[in-house]
Amino acid sequence: MEPADRIIRIVYADGTGLLASDATGRIHLLDTRLRVVRSSPSVRQGRPLYGLAVAADEGWVIGKDRMGAVFRWSLDTLELVDRLDPATVCDPAMLIPNEHPSPVSSRGIGIWDGRVYVTSGYHHQMLVLDLHTFEVLEIRPNICGASPMEWACTEHPTLHAVSDKKGNLRFGSFTDCEFPDLVKLDDGNIHRVRYDARHDRFWATQDFGAGENADIANGIVIVGADGEKQDECLFARDDVEFVTFSPDHLRAYTGGFDGELHIFDNTDRALRITRTVTGFPHQLSDLTIGADAEVYVLCQDGEIVQLDADGGFVRAMGFRRQAVWDIQPSPEDPTTLYCATDTGVAVVQVRDSAAGPMLCVEAEHTTGFGFTRRVAPVRSGWLGITRDHRAFRAERDGTVRWSRELPALPHTVAVSEDGRRALVATNAGAIELDASDGRPLDEFGVDGLPIWAATYLPDGDRLLITRNGVIVVLDRADATVRWRFDQGEYPKRLWIQSGRAYLTGDGGVKELVIGQGVVARWSKLLSNTIENAVVSDGLVCASSYGMQLAGYDYTTGKFLGLVEDLPDYPKALSMVHGADGTPYLLVGCRTGMLSLLRLERTPKKLRFAKLRDHWLSRHPAEFTLTHHDHPHTVDQDHDRDHGHTVDPDHNYSADHDHDHDHV
């Protein structure tokens with residue numbers, strides 16, 4: 001039997017096997033074929049379980065969901081034994097007026113000397129629990145202040161390390177909960193901290209990077225037991241999610257949202273990547289290692305891939321997944337919507353019914369490429385970009401007219417107003433293509449940085465935004481810089497509407513006037529990155545990584561309404577209208593769900609009223625793994641001893657033969 005819901009964390013329990021938590025609050029034991037052996041009971045308040053830790057010797061599994069509820073299961077049976085409610089298990093005296101639990105994808109659970117240390121739904125509070133009885137022994141201020149504890153490392157015999165979501169790493173001990181030594185390593189999350197017993201040091205991951213490398217390059221940072229930063233290896237252009245050692249500590253495995261698994265040779269102290277494995281169906285979100293050094297990689301789409309110690313393919317779970325990443329209306333008919341999905345592009349019709357609009361899936365077109373990240377409508381079809389570094393154009397019936405390999409991971413795609421050119425933002429800069437046949441026309445760079453969003457202005461000029469928030473307008477004719485503006489926060493999406501630019505990402509939804517700067521921002525009560533937004537009907541509706549939807553008045557910027565603790569992650573947004581003109585927000589979600597919500601507006605409030613949901617069909621991913629080895633030279637060792645940046649877009653296969661494993 002396979003899991004029905006997306007897996008979001010994995011951990012190997014010695015003597016038991018591979019455990020996995022899912023998006024509905026359950027945990028599962030998987031066998032050697034990655035099939036479910038048994039599962040925990042369903043939880044009425046089931047939410048994604050981001051925190052997962054095992055006390056194997058004591059026979060317990062501890063978990064924390066995204067709203068701060070804390071769970072305890074029997075390791076032997078996976079029976080649920082205890083649940084602490086995030087709203088009421090707190091110290092009321094420490095709450096601010098009208099405070100409620102806040103959603104957060106925090107992973108930090110410390111288990112030490114028969115006690116559990118975990119931040120609650122109120123992030124500035126920490127619960128101290130008896131592991132064996134689950135008695136709440138103490139409710140104390142969070143070690144990390146107002147930021148949730150993101151990871152707790154108790155692998156050192158006496159020295160413990162705690163990280164948070166603001167890039168801080170603290171050293172101390174859970175024995176007295178004193179962590180006096182602090183080092184700042186990142187401008188974002190430190191998702192994982194592991195103790196390297198071979199060389200008596202700690203390895204920590206980065207999300208954004210720090211200092212002059214912030215939002216430019218990030219990777220792994222090495223910190224000594226004395227709390228001093230020793231070294232770093234910057235190989236990533238996106239979040240690094242994990243680092244894990246082989247049982248003998250001769251290898252380290254790390255990766256993240258770039259979708260690449262890097263294998264370090266940890267024989268000596270030099271930071272040396274010896275092999276990189278690519279071709280996974282999605283971003284990488286977790287990794288654990290079994291008793292016999294087998295490697296289990298969790299992809300963001302829920303797929304689990306088993307590798308041998310060298311990164312060679314062994315098997316995949318074959319998880320049936322689907323997601324809706326983008327929704328764009330056809331230029332010929334706004335009631336026809338093109339939806340970017342894990343398998344290709346779905347064509348959806350909006351029709352009227354007695355209960356309001358309904359969605360009719362006209363077709364689900366499978367491309368055979370990686371999942372479609374974004375779509376841009378053109379006459380009689382669309383252009384798309386895919387996770388496996390490809391741009392393509394398809395007709396309305398799904399026939400692919402052309403496809404073109406891109407030099408790096410793409411982020412957005414846009415089409416000029418005359419329909420002749422396409423602009424793709426990638427980690428290697430912006431690539432302009434002929435929309436009719438896919439021929440490369442030009443390439444544009446900004447300070448050698450990854451371009452995370454790009455579009456055309458109405459006059460044909462090109463608007464580019466780098467990962468670290470630098471905005472540049474390039475002249476259509478000669479690509480000279482007409483305007484440059486540093487707004488300092490990374491983008492996710494970008495579009496032009498009524499002569500103005502709108503972007504989402506870090507810091508909220510922003511309205512941009514070319515030549516002037518950011519003139520409006522909407523972000524109140526939204527946590528984490530703002531993924532997407534629509535501006536329509538006098539409203540700004542936005543979605544966040546915190547599983548939230550919020551509405552604001554466009555003119556005044558006033559906050560009107562919020563829905564959080566959603567049952568799924570909202571990714572794609574589009575506004576549709578009923579026969580009477582009533583606006584409906586269409587939300588494309590992580591599970592392939594298309595959710596239609598009626599927007600009920602009063603002068604002071606906006607209510608999101610659920611009308612109906614529709615799920616697209618799910619399919620297992622098809623993917624081919626490729627590994628390439630990194631040549632080892634004395635100069636590389638010398639560079640890394642002093643901190644080294646690895647070019648993540650370099651084609652190392654030119655230096656060494658590479659192998660393929662097809663799934």
Side-chain angles (χ1 to χ4, degrees), residues 8-9 11 21 23 25 45 47-53 62-71 83-91 94-96 99-112 115-129 136 138-154 160-172 174 177 179 182-194 204-208 239-242 256 285-286 506 523 525-530 544-548 564-565 569:
I8 54 177
R9 286 289 172 269
V11 61
S21 64
Q45 308 90 344
R47 301 182 179 104
L49 280 166
Y50 278 100
L52 188 66
I62 309 298
K64 187 178 93 164
D65 72 17
R66 62 180 302 277
M67 290 300 292
V70 185
F71 300 82
R83 176 185 181 273
L84 298 177
D85 193 272
T88 53
V89 181
C90 66
D91 181 350
M94 295 170 60
L95 300 180
I96 62 176
E99 185 178 4
H100 300 282
S102 301
V104 66
S105 54
S106 171
R107 312 163 198 203
I109 300 175
I111 301 177
W112 179 254
R115 295 188 174 191
V116 178
Y117 301 83
V118 60
T119 50
S120 70
Y122 306 98
H123 307 324
H124 56 283
Q125 299 189 22
M126 174 170 282
L127 307 180
V128 182
L129 312 173
V136 180
E138 182 185 359
I139 302 175
R140 64 178 310 280
N142 177 16
I143 291 168
C144 305
S147 179
M149 183 171 68
E150 181 64 6
W151 195 258
C153 175
T154 58
H160 302 155
V162 168
S163 70
D164 65 20
K165 288 186 167 294
K166 294 183 178 179
N168 298 306
L169 181 61
R170 293 171 170 85
F171 290 95
F174 281 113
C177 277
F179 286 78
L182 181 147
V183 57
K184 177 78 168 177
L185 298 181
D186 193 57
D187 286 352
N189 289 306
I190 300 176
H191 288 307
R192 201 67 54 95
V193 185
R194 302 303 298 266
T205 63
Q206 291 181 310
D207 255 13
F208 301 161
D239 300 3
V240 179
E241 295 288 300
F242 56 81
S285 58
D286 206 356
D506 188 22
S523 61
L525 293 185
L526 287 175
S527 67
N528 213 312
T529 300
I530 311 307
S544 83
Y545 282 9
M547 295 177 74
Q548 300 167 300
E564 58 183 353
D565 200 17
Y569 288 84

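In what follows, residues are counted from 1 in the order of the sequence shown.
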Exercise: identify the closest heavy-atom pair between [X] and [Y]:
X: Val193; Y: Ala161; answer: CG1-CB, 4.0 Å
X: Pro103; Y: Gln548; answer: CG-NE2, 4.1 Å
X: Val104; Y: His123; answer: CG1-CE1, 3.2 Å
X: Gly110; Y: Ala152; answer: CA-CB, 3.7 Å
X: Cys144; Y: Met149; answer: SG-CA, 4.1 Å
X: Gly546; Y: Asn528; answer: N-CB, 4.1 Å

Just so I know, are the side chains of [X] and [Y] near enough to count as touching, which here means a heavy-atom distance under 4.5 Å?
X: Asp239; Y: Phe208; answer: yes
X: Tyr50; Y: Lys64; answer: no
X: Ile139; Y: Leu127; answer: yes
X: Tyr117; Y: Cys177; answer: yes
X: Arg9; Y: Asp286; answer: yes
X: Val128; Y: Arg140; answer: yes
X: Asn189; Y: Gln206; answer: no
X: Arg192; Y: Glu241; answer: no

Using salt bridge (Lys or Arg N to Asp or Glu O under 4.0 Å) as the criterion, list what pairs up with Arg47, not counting sequence neighbours.
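With neighbours one apart ignored, the set is Asp65, Asp565.
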Would you please name every residue forming a salt bridge (Lys or Arg N to Asp or Glu O under 4.0 Å) with Glu99, sequence neighbours left out?
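If we apply the salt bridge (Lys or Arg N to Asp or Glu O under 4.0 Å) test to Glu99, skipping adjacent residues, there are no hits.
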Return the [atom1] to [atom2] distance between [X] and [Y], rounded to the nearest 0.5 Å.
X: Ser105; Y: Tyr569; atom1: OG; atom2: OH; answer: 6.5 Å
X: Cys153; Y: Phe171; atom1: SG; atom2: CZ; answer: 8.5 Å
X: Leu169; Y: Phe179; atom1: CG; atom2: CZ; answer: 10.0 Å
X: Met126; Y: Ile143; atom1: CE; atom2: CD1; answer: 4.0 Å

Without swapping roles, check the side chain of [X] against the backbone of [Y] for a donor-acceptor pair under 3.5 Å.
X: Ser544; Y: Ser527; result: yes
X: Asp186; Y: Thr205; result: no
X: Ser163; Y: Glu150; result: no
X: Ser106; Y: Pro148; result: no
X: His191; Y: Arg107; result: no
X: Tyr122; Y: Ala87; result: yes
X: Gln45; Y: Asp85; result: no

Test Leu129 against Ile62 for side chain to side chain contact (heavy atoms under 4.5 Å, CB included), laying out the working first.
CA-CA 11 Å; Leu129 312 173; Ile62 309 298; 6.0 Å; no
Sole candidate of Thr119, Leu52, Val116, Val70 that passes side chain to side chain contact (heavy atoms under 4.5 Å, CB included) when paired with Ile109:
Val116
Could I get the full list of side-chain contact (heavy atoms from CB on, under 4.5 Å) partners for Asn168, not counting sequence neighbours?
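Result, side-chain contact (heavy atoms from CB on, under 4.5 Å) vs Asn168: Asp164, Lys166, Arg170, Leu182, Lys184.
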Any chance you could lay out the salt bridge (charged side-chain N to carboxylate O under 4.0 Å, His left out) test for Arg66 and Glu564, step after step, and finish with the verdict?
CA-CA 11 Å; Arg66 62 180 302 277; Glu564 58 183 353; over 6 Å; no
Stepwise side chain to side chain contact (heavy atoms under 4.5 Å, CB included) test for His124 and Ile96:
CA-CA 11 Å; His124 56 283; Ile96 62 176; 5.5 Å; no
